[in-house]
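Here is the structure we will look at.
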Number of protein chains: 2
Amino acid sequence: MRPGPRRSLTHAEILDAAFDLLEAKGFAAVSVRGVAGSLGITPTALYTYYPSKNALLRGMVEHLLARLDLGTLTEADSAEVGVAAVRARLVRIALSLRELLAGHAGALGLIMSGPLDGPNAMRLNETLLEQFCATGLSLDDAARAAYALQVYALGSIALESAEVDVESDAATSDPLIVTDASGAALWTDLARFPMSEQTMTLVAERNSTAQFAWGVERLLAGLIG
Amino acid sequence: MRPGPRRSLTHAEILDAAFDLLEAKGFAAVSVRGVAGSLGITPTALYTYYPSKNALLRGMVEHLLARLDLGTLTEADSAEVGVAAVRARLVRIALSLRELLAGHAGALGLIMSGPLDGPNAMRLNETLLEQFCATGLSLDDAARAAYALQVYALGSIALESAEVDVESDAATSDPLIVTDASGAALWTDLARFPMSEQTMTLVAERNSTAQFAWGVERLLAGLIG
DNA sequence: ACCTGAACACCGTTCAAGT
DNA sequence: ACCTGAACACCGTTCAAGT
């Protein structure tokens with residue numbers, strides 16, 4: 001309507017609008033045009049604030065991680081209760097991270113927009129390093145362990161979002177007929193996979209928080225000597 | 001040029017063309033128009049073979065998993081050497097899966113196009129279930145463990161691809177200046193993250209196969225009683 | 001059944017121009 | 001500095017029409 005350096009948007013306002021769009025209409029709706037439109041500016045104006053769509057996405061990751069609750073651990077806890085308290089806190093952090101990412105549809109697309117090297121990502125990493133070191137791990141092993149825990153949390157989100165994302169597609173095709181690698185239609189012979197068949201009911205609910213917590217506990221059991 | 005039911009493409013030909021495109025020009029180049037163009041047909045003709053781009057992507061996942069080497073384990077091995085042999089095979093499967101996915105740029109985008117429920121995905125799952133059961137795990141725990149292992153492998157790929165994908169972006173901006181959640185420019189005060197600073201050299205190479213194998217070993221240590 | 005060509009409603013990004 | 005409007009080179013998908 002009227003050009004000129006009238007009012008200035010803050011980055012926080014832009015990121016909030018982007019998250020509103022993400023939650024309301026999904027990852028695909030988070031376009032330069034879409035975000036700009038919801039802010040009442042033209043797409044090109046958005047390039048004043050972020051040099052590319054990827055930069056906007058990376059800003060969203062930091063905005064999200066800023067809300068990550070890393071919890072607390074008093075000195076008394078770490079001194080007295082020992083590794084058990086530290087381990088409990090690590091589980092809490094992992095659960096918070098998963099909840100934060102699972103709560104936003106398409107958050108994985110955000111994470112994959114670039115390396116986790118922003119201030120808030122480093123704050124998370126630093127906390128994990130501290131906790132793993134507190135269990136007696138060397139700094140090197142703590143670094144590997146912190147990475148492994150983030151790998152597990154992100155992989156969990158990746159697999160979960162893959163299973164949710166396709167409702168409409170799956171509904172239109174017969175679930176008993178499947179197309180193999182060469183394109184030939186065939187019956188998915190569940191008898192060929194007897195164990196998978198038996199665990200299918202478990203599989204149906206394996207993406208729950210409980211399954212995630214189970215995996216994190218097992219991973220920590222392997223990581224912490 | 002000339003319409004009509006002249007020659008018929010196989011699904012394998014289409015998927016091969018799609019993978020050529022993926023390896024040559026990245027995930028973004030795997031478009032309906034791009035794949036069709038490289039096959040010498042129009043975009044609409046491709047919809048004869050796959051009802052949507054997502055279906056094409058899911059076909060690519062199955063095509064990829066068909067090439068996954070699940071290895072072998074003789075009965076003598078499992079009977080005599082016990083869990084050690086099974087565990088070694090699980091590590092080999094995990095490494096094969098990672099290598100397969102890491103070898104194709106943007107493979108994670110493929111995986112996230114839908115649930116891993118194709119025949120080859122089930123073949124992988126069934127093998128993992130067998131192996132975990134062979135270590136003495138209950139069927140329920142084996143199912144959770146198999147899922148956890150896939151979570152770890154996929155998370156590893158997700159984090160790796162996030163760190164590679166942004167070379168051009170990172171090169172154009174000063175790595176010492178960073179934009180925080182509210183958009184204010186600030187120095188990334190590495191002194192605020194002393195442990196992360198110390199482990200940065202390790203971080204630089206932590207995406208290697210060795211780091212992945214380390215994590216898988218630790219995870220298995222936690223999973224297998 | 002398999003294909004074409006045109007069209008619809010979108011993308012990210014660039015550029016000259018306005019205030 | 002911040003913004004607009006037009007443009008470029010793309011998307012996935014649908015539809016009527018041809019053989």
Side-chain angles (χ1 to χ4, degrees), chain A residues 1-11 13-14 17-18 21-22 24-60 106 109-110 112-114 165-166 168-169 172-173 179 183-185, chain B residues 1-11 13-14 17-18 21-22 24-60 106 109-110 112-114 165-166 168-169 172-173 179 183-185:
Chain A
M1 302 299 179
R2 31 154 169 60
R6 226 38 84 76
R7 78 181 152 153
S8 211
L9 261 33
T10 62
H11 284 240
E13 284 175 312
I14 295 172
L21 225 45
L22 183 67
K25 302 199 220 165
F27 186 67
V30 184
S31 62
V32 175
R33 287 174 145 93
V35 174
S38 78
L39 287 164
I41 59 174
T42 56
T44 29
L46 233 175
Y47 281 82
T48 304
Y49 300 90
Y50 294 97
S52 67
K53 181 188 180 178
N54 213 265
L56 171 67
L57 260 30
R58 299 245 261 144
M60 289 177 74
L110 254 42
M112 281 173 53
S113 67
D165 223 23
V166 225
S168 57
D169 233 40
T172 56
S173 67
T179 293
Chain B
M1 300 303 179
R2 29 141 166 71
R6 228 37 84 76
R7 77 179 155 156
S8 211
L9 261 35
T10 62
H11 284 241
E13 283 175 312
I14 295 172
L21 225 45
L22 182 68
K25 302 199 219 167
F27 186 67
V30 184
S31 62
V32 175
R33 287 175 143 93
V35 173
S38 78
L39 287 164
I41 60 175
T42 56
T44 28
L46 233 175
Y47 281 81
T48 304
Y49 299 91
Y50 294 97
S52 67
K53 182 187 178 179
N54 213 265
L56 172 66
L57 260 29
R58 298 244 261 144
M60 289 178 73
L110 255 41
M112 281 173 52
S113 67
D165 223 22
V166 225
S168 57
D169 233 40
T172 55
S173 67
T179 294

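All values below were derived from every heavy atom in this structure, side-chain atoms included, with hydrogens, water molecules and symmetry-related copies excluded. Every chain is numbered from 1 and lettered A, B, ... according to where its sequence line falls, protein lines coming before strand lines.
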B/Val32 vs B/Tyr50, side-chain contact (heavy atoms from CB on, under 4.5 Å): CA-CA, chis, key distance, verdict: CA-CA 10 Å; B/Val32 175; B/Tyr50 294 97; over 6 Å; no
Closest approach of A/Ser38 to A/Ala17 (non-hydrogen atoms, all atoms of both residues): OG-CB, 3.8 Å
Using the P atom as the reference point in each nucleotide, state the distance between D/dC10 and C/dA9 in Å, no decimals. 22 Å
In whole Å, what is the span from the CG atom of A/Leu9 to the C1' atom of D/dT4? 15 Å
For every nucleotide of nucleotides 8-15 of chain C, 5' to 3': is a protein heavy atom under 4.0 Å from its base (B), only from its sugar-phosphate (S), or from neither (-)? ---BBBBB
Considering just the side-chain nitrogens and oxygens of B/Thr48, establish if one lies under 4.0 Å of OP1 or OP2 belonging to C/dC2. no
Just name whichever nucleotide pairs with D/dT14, Watson-Crick or G-U, keeping both distances under 3.5 Å, else none. C/dA6
Output the distance between atom CE (B/Met112) and atom CG (B/Asn54), rounded to the nearest 0.5 Å. 11.0 Å
To the nearest Å, give me how far apart CD1 (A/Ile41) and P (D/dT4) are. 7 Å
Roughly how far, to the nearest 0.5 Å, is CG of B/Leu39 from OH of B/Tyr49? 8.5 Å
Quickly work out the B/Tyr49 OH to C/dA1 P distance and round it to whole Å. 13 Å
Applying a 3.5 Å limit to both distances, which nucleotide forms a Watson-Crick or G-U wobble pair with C/dA1? D/dT19
Nearest-Å distance for atom pair CG/C1', residues A/Leu39 and D/dT4: 16 Å
Do B/Leu57 and B/Val30 touch side chain to side chain, with heavy atoms closer than 4.5 Å? yes
Using a 4.5 Å cut-off on heavy atoms from C-beta on, say whether the side chain of B/Leu110 contacts that of B/Leu22. yes
